[in-house]
Structure formats: structure tokens, C-alpha cells
Amino acid sequence: HPLQNRWALWFFKNVRSQPWQCNLRLVTTFNTVEDFWSLYSHVQLASKLSSGCDYSIFKDGIEPMWEDSRNKRGGRWLITLSKQQRHSDLDSLWLETLLCLIGEAFDDYSEEVCGAVINIRAKGDKIAIWTREAENREAVTYIGKVYKERLGLSSKVVIGYQAHADTATKSSSLTKNKFVV
Amino acid sequence: EKKSYDREFLLGFQFIVASM
């Protein structure tokens, strides 16, 4: 069952003695439903990764970094998790994120999606969907609403969208939300 | 035609692939 896009899985492991880009590795690409599950069943669950590691899944050809031309004008819908949620929610939220991407869950706005990233961090894990154009309010808010619904988040929970240009110039905890849903 | 799949369809393949 072919997917609309070919996707690439990237793995980042923080080795402080090496430059950031040396710690980022392309694992493999896939473009069928079957190959997605084959890959998913062979890699470590996100909750089992050590702190400082990331998984990224991006459309093939887009590198999982702000600097990529397809990302630099974009931003991310950011889900921040408490430490406790690593064991209760992290893996299911990440899988749901992956299913949103490969299934093209955002209808015509799926073309705006670049990829998704999960950061495993001692202070709290993060999951984000990256889109390519932060100024495209209609697309960004549609994606945010569908994503929040797919994650099963309560209407009381607010998630924010941050432009990469803002994140790059500030520490992420201080980055202002461009949109919220 | 756009190839989109809902979550139930995608999840249905998880165990088919795992049993292959």
C-alpha cells in the first residue's frame, strides 16, 4: 500500500565532543504502509531512548533542521510532556503523530507538513509537527486543530505553534506562540 | 489521486506485518 510520500527516519544522539550535524544520522526511508510497520517494529520505542536522543521523520529530501530551505520559513506545533508522561503517554502520542503524517491526515494541508520530531530530554520530552510556512495561518491552524484532536487532548489543553525563526533566536522555553489551538 | 489512510486502516497493518 503506497504512501503519498516517501519518508525518512533520522536518529540523533547527543555526543558533546562532536558537531551537532555529526550526531544526526539518516536511518532509512520508506514509502509503503508495510515498510513503515516493519521499520516501526524494529526500532527502539521512543520511551526507551536515552536523554538527548531524537527521532525525526521527514519527507524524503528535507533535512530535520531549521536551516533546510523547506523548513526555514516554517514552524512547529509543539507538545510538551511532563516527566511522568514518558511512561504513560509518550509512545502512543508519537505513534499517533507518525500515523497523522504517513496517512496524510491534514487533507489538502498535508502538503504543508515537513515532518515531526521527538526529543527525549531529562527535563521533559517534546513532540512536534513541523510545517513549511509559518505565515500560512489557515493551513497551520487547520493542522493544529486536527493534530490536537487526533492526540485526544482535552479542549482545556492549549498547544502552541512557534515559528522556527523565533525559536532560533531565543531559548525555546521563551519562544512566543504564533498560534494556539 | 491522493493516497490518504485513516488511523484504523494503518493500525490494521501493524500486526499483519509483525506476523510476516
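Everything numeric in this text was worked out from a predicted model, so none of it was measured.
At least one side-chain heavy atom of L3(A) sits under 4.5 Å from a side-chain heavy atom of Y5(B).
Taken together through direct or relayed side-chain contacts under 4.5 Å among Ile, Leu, Val, Met, Phe, Trp and Tyr, I129(A) and W10(A) form parts of separate hydrophobic clusters. Placement of V180(A) and F106(A) in two distinct hydrophobic clusters is found when ILVMFWY residues are connected by side-chain heavy-atom separations under 4.5 Å, directly or transitively. W66(A) and W77(A) fall into different hydrophobic clusters, where Ile, Leu, Val, Met, Phe, Trp and Tyr side chains are chained together by heavy-atom contacts under 4.5 Å.
The number of heavy atoms from other shown groups lying within 6.0 Å of CD (E138(A)) does not exceed 12. More than 12 heavy atoms of other residues, nucleotides or ligands sit less than 6.0 Å from atom CD of E8(B). No more than 12 heavy atoms of other residues, nucleotides or ligands sit less than 6.0 Å from atom NZ of K176(A).
Using a 4.5 Å cut-off between heavy atoms, N5(A) makes no contact with chain B at all. For Y40(A), the part sitting under 4.5 Å from any heavy atom of chain B is the side chain, from C-beta outward, and nothing else.
Here the shortest heavy-atom pairing between P2(A) and K3(B) reads O-CD, 3.3 Å.
Note: L95(A) CG to R7(B) CZ = 8.0 Å, rounded to the nearest 0.5 Å. We find the NE2-CG distance between H1(A) and L10(B) to be 10.0 Å, quoted to the nearest 0.5 Å. Between F15(B) atom CZ and S41(A) atom OG the span is 10.5 Å, to the nearest 0.5 Å.
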